[in-house]
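Throughout, a chain's letter reflects where its sequence line sits, starting with A, and its residues are numbered from 1.
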Amino acid sequence: MAVSDETEQQEETLFEAPVMAEQERMVEAVLFASTEPITVRELESRMPHGCDAAEALVRLRKRYEGRGVRVVKIDDAWAMRTAPDLGYLMQKETVETRKLSRAAIETLAIIAYHQPATRAEIEEIRGVSVSRGTIDQLLEMEWIRFGRRKMTPGRPVTFVVTPSFLDHFGLENARDLPGLKELRSAGLLENRPPPGAFSVAEEEDEEEATTGQSELFED
Amino acid sequence: MAVSDETEQQEETLFEAPVMAEQERMVEAVLFASTEPITVRELESRMPHGCDAAEALVRLRKRYEGRGVRVVKIDDAWAMRTAPDLGYLMQKETVETRKLSRAAIETLAIIAYHQPATRAEIEEIRGVSVSRGTIDQLLEMEWIRFGRRKMTPGRPVTFVVTPSFLDHFGLENARDLPGLKELRSAGLLENRPPPGAFSVAEEEDEEEATTGQSELFED
Amino acid sequence: MAEDEFTEEKLSVSDRLAAEALIVDVDGFEGPLDALLMLSRTQKVDLRKISVLDLARQYLAFVDRAKQLRLELAADYLVMAAWLAFLKSRLLLPPDPADEGPSGEELAAHLAFQLERLQAMRDAAARLMARDRLGRDFFARGQTEVVARVRSVKYTATLLDLMQGYARIRTRDEFRPFVMDRNNVFTMEQALDRMRGLIGYAADWTEISSYLPEGWEMDPVRRRSATAATFAASLELVKEGHLEIRQSEVFAPIELRKRT
């Protein structure tokens with residue numbers, strides 16, 4: 001560069017365009033903050049007088065090569081976009097914890113207390129029919145599984161609770177589940193039933209606990 | 001390193017986290033795509049298993065030093081923001097923030113510097129009652145939120161500033177408030193009761209003030 | 001008081017001026033503390049070195065002037081005036097050793113602290129608002145990319161839920177109409193009918209348990225109900241004079257026989 005040129009440049013400093021590195025910063029900031037792609041003309045209208053936005057764009061584009069973000073041209077305008085290979089990062093996995101439905105909890109409780117329990121037994125105890133979905137959900141959660149078929153007419157399938165059920169509820173085995181008496185003393189059963197209904201249930205429980213449940217833990 | 005170890009490592013390669021340069025690209029892409037600050041935990045939940053987002057962030061932040069866009073930390077989250085010296089280029093993007101009244105500005109500052117602050121403390125400092133509207137406006141702007149109740153008679157609610165407040169004012173955390181240390185050492189953030197009014201409540205207040213505020217400085 | 005009068009004279013010109021200046025924008029003040037802070041600036045000293053006594057005089061002059069001009073001052077300005085008048089007298093009079101309250105100096109120091117703290121908060125607020133601000137000086141990403149949400153739902157329940165669920169089913173059973181459980185209940189009427197039929201054959205003493213209806217002996221629930229009903233029916237029959245009843249000792253078997 002000639003000496004005269006340099007002098008001229010120095011004289012013009014006040015009115016000179018910012019250095020290219022600075023222009024690149026400007027383009028970078030504007031592209032980043034803009035809500036839509038921006039044309040070179042618009043970039044230059046925003047930048048100080050004398051800037052070469054096209055040149056700054058070329059440099060910026062080069063700088064972002066191979067990075068997580070790219071400078072892309074859309075029609076005659078420019079924008080910044082995340083690298084296409086990282087698109088999979090643009091999804092957010094949210095795990096929502098939801099309480100089990102009342103029907104599912106009751107069904108699960110019946111299986112836990114009466115296992116092995118057939119669907120008919122569950123329905124008899126709940127007093128309503130058990131939807132396919134409820135059983136499927138519990139199976140899917142791996143809190144119940146199929147037990148042995150019952151040796152009664154029709155050989156119905158039975159359900160039993162799984163080790164992961166025990167794990168979730170912090171039980172060593174299903175026999176650790178509090179009995180009706182304990183439920184009552186914990187205030188969970190408030191009304192004293194007519195003598196018949198109550199003791200029948202308890203007897204059944206007791207019987208189940210010795211026969212049904214020990215069966216489960218034998219195999 | 002023993003040969004067996006090496007073999008093992010090679011076998012494990014398939015399950016290893018991506019190299020740091022790649023992790024940096026990922027963090028860059030995710031931060032770039034979001035207006036809201038993103039926590040390290042969220043970054044990692046979106047990145048492949050085994051990634052060290054915190055380390056990638058440190059590298060990325062360094063990479064963007066002096067550029068048109070910066071990597072900033074807000075509380076425990078990270079975001080990309082344009083460099084403040086280039087704000088003049090973004091007139092088009094400028095958001096008109098609602099003009100805050102003097103009362104609102106002072107109330108905001110008192111909450112920020114004294115947090116957690118009760119309404120009574122704000123009133124004590126300003127010497128006038130705080131109107132419902134002032135607090136509401138700040139809550140609505142999401143610059144303040146309710147903090148824990150104070151353990152003083154009446155258990156008054158407290159107010160603290162939010163991450164959006166920090167983001168808006170370009171603060172990494174509440175400890176970075178301008179002049180906080182000086183105000184503190186000058187005793188101007190103390191909750192000094194008026195002489196002759198040593199009520200139990202005030203004593204407790206003082207205790208709270210030291211725990212609440214020094215919390216900011218510990219760790 | 002002579003000294004008070006004297007200093008009051010001395011300050012009066014500047015006080016009046018300050019008071020006039022204040023009155024101009026009395027509506028612009030945010031309460032008496034704000035007015036005091038403004039007045040304290042006329043002393044042109046560091047807030048830490050402020051003369052609270054002078055400040056009190058300035059404020060009282062301001063309130064006097066407002067009264068002369070028949071300006072409505074809010075009640076808290078007048079409360080502050082009363083308090084400052086009290087403070088002024090405290091500061092001027094020698095301390096009363098019998099008085100247990102805080103000294104004038106302590107009260108003055110606290111007021112100075114309040115003013116300094118308010119000023120500090122105003123300065124802090126100004127510095128805060130002067131910072132580079134999001135949306136004005138620096139900007140967030142303008143064009144955010146849509147983050148697809150992949151939602152997976154994890155169901156959970158606690159042991160308590162489970163127990164309550166079970167208890168709920170059991171409790172529901174207990175609310176069934178009583179008649180539903182009658183297949184396990186042997187009523188006294190049934191027992192009476194039965195006993196009337198059998199009693200003709202009871203010539204010898206026989207244990208009451210042998211009168212239990214068939215099918216009610218094994219199941220403890222049914223047995224309990226049948227036993228109670230049969231016993232009640234027996235007593236009824238004794239009362240009617242058809243039956244004799246005896247028990248040799250406590251808890252010994254109860255025996256029946258036809259009354260001859």
Side-chain angles (χ1 to χ4, degrees), chain B residues 29-37 46 69-70 72 79-88 90 93-97 100 102-103 105-110 112-114 124-129 164 167-171 177-180 182-183 186-190 192-197, chain C residues 28-37 47-48 74 76-77 79-80 83 87 99-148 150:
Chain B
V30 174
L31 288 195
F32 207 94
S34 169
T35 32
E36 297 294 315
R46 281 162 68 172
V69 174
R70 302 187 310 167
V72 297
M80 286 181 107
R81 300 285 181 252
T82 63
D85 65 307
L86 299 174
Y88 67 94
M90 254 69 75
E93 277 77 31
T94 303
V95 206
E96 267 316 312
T97 23
L100 281 178
R102 181 172 146 184
I105 291 170
E106 282 181 23
T107 302
L108 178 66
I110 291 167
Y113 284 84
H114 287 81
E124 156 84 18
I125 294 170
R126 296 197 63 232
V128 280
S129 61
S164 352
D167 192 14
H168 184 88
F169 291 99
L171 296 162
L177 283 165
L180 185 68
E182 293 77 8
L183 286 172
L188 290 169
L189 301 182
E190 278 165 29
R192 202 181 289 178
Chain C
F29 286 114
E30 299 230 8
L33 205 58
D34 187 27
L36 276 168
L37 193 58
L47 271 177
R48 283 167 190 266
D76 47 348
Y77 284 86
V79 171
M80 178 61 88
W83 187 80
L87 175 61
D99 196 344
E100 286 191 355
S103 71
E105 277 73 24
E106 281 171 337
L107 293 172
H110 187 72
L111 179 61
F113 167 75
Q114 282 181 293
L115 291 173
E116 197 191 344
R117 183 174 60 179
L118 179 59
Q119 187 57 53
M121 278 302 112
R122 293 213 166 140
D123 294 343
R127 267 196 282 177
L128 189 65
M129 299 315 277
R131 283 183 70 84
D132 288 332
R133 288 161 64 179
L134 181 66
R136 190 187 75 179
D137 306 294
F138 61 92
F139 296 83
R141 176 73 171 135
Q143 210 175 8
T144 52
E145 276 162 63
V146 179
V147 176
V150 184

Q) Considering only heavy atoms, which portion of B/Met90 lies under 4.5 Å from any heavy atom of chain C: side chain, backbone, both, or neither? A) both
Q: Measure B/Leu100 against the heavy atoms of chain C and call it side chain, backbone, both or neither at under 4.5 Å.
A: side chain
Q: Would you confirm whether B/Thr35, through its side chain, and C/Ala140, through its main-chain N or O, come within 3.5 Å as a donor-acceptor pair?
A: no
Q | Minimum heavy-atom distance between B/Ile125 and C/Leu118, given as atom pair plus value | A | O-CD1, 3.5 Å
**Q.** Separation between CG of C/Asp137 and OH of B/Tyr88, rounded to the nearest 0.5 Å
**A.** 13.0 Å
Q. So do B/Leu188 and C/Phe113 actually touch side chain to side chain, heavy atoms under 4.5 Å?
A. yes
Q. Would you call C/Phe139 and B/Arg81 a side-chain contact if the rule is heavy atoms closer than 4.5 Å?
A. no
Q.
So for C/Arg131, is it side chain, backbone, both, or neither that comes closer than 4.5 Å to the heavy atoms of chain B?
A. side chain
Q. What option among B/Leu171, B/Val69, B/Val72, B/Asp85 has the most heavy-atom pairs under 4.5 Å with chain C?
A. B/Leu171
Q: Could you tell me which non-hydrogen atom of C/Ala125 sits nearest to which non-hydrogen atom of B/Ala109, and how far apart they are?
A: CB-CB, 3.5 Å
(Q) Could you check whether any side-chain heavy atom of C/Glu30 comes within less than 4.5 Å of a side-chain heavy atom of B/Arg126, counting everything from C-beta outward? (A) yes
**Q.** Choice from C/His110, C/Met129, C/Glu106 maximising heavy atom contacts with chain B below 4.5 Å
**A.** C/His110
Q) Do B/Glu106 and C/Asp34 come within less than 4.5 Å of each other through their side chains, counting heavy atoms only? A) no
Q. Can you say whether B/Leu183 sits under 4.5 Å from chain C via the side chain, the backbone, both, or neither, judging by heavy atoms?
A. side chain
Q | Heavy-atom side-chain proximity of C/Leu33 to B/Val128 below 4.5 angstrom | A | no
Q.
For a 4.5 angstrom cut-off between non-hydrogen side-chain atoms, does C/Met121 reach B/His114?
A. yes
Q) Where does B/Ala83 contact chain C at under 4.5 Å (heavy atoms): side chain, backbone, both or neither? A) backbone
Q: For B/Arg192 and C/Arg117, work out which heavy atoms get closest and say how close.
A: N-NH1, 4.3 Å
Q) Which one of C/Glu116, C/Arg136, C/Gln114 has the most heavy-atom pairs closer than 4.5 Å to chain B? A) C/Glu116
Q) Going from CD1 on B/Ile110 to CZ on C/Arg122, what distance comes out if it is rounded to the nearest 0.5 angstrom? A) 8.5 Å
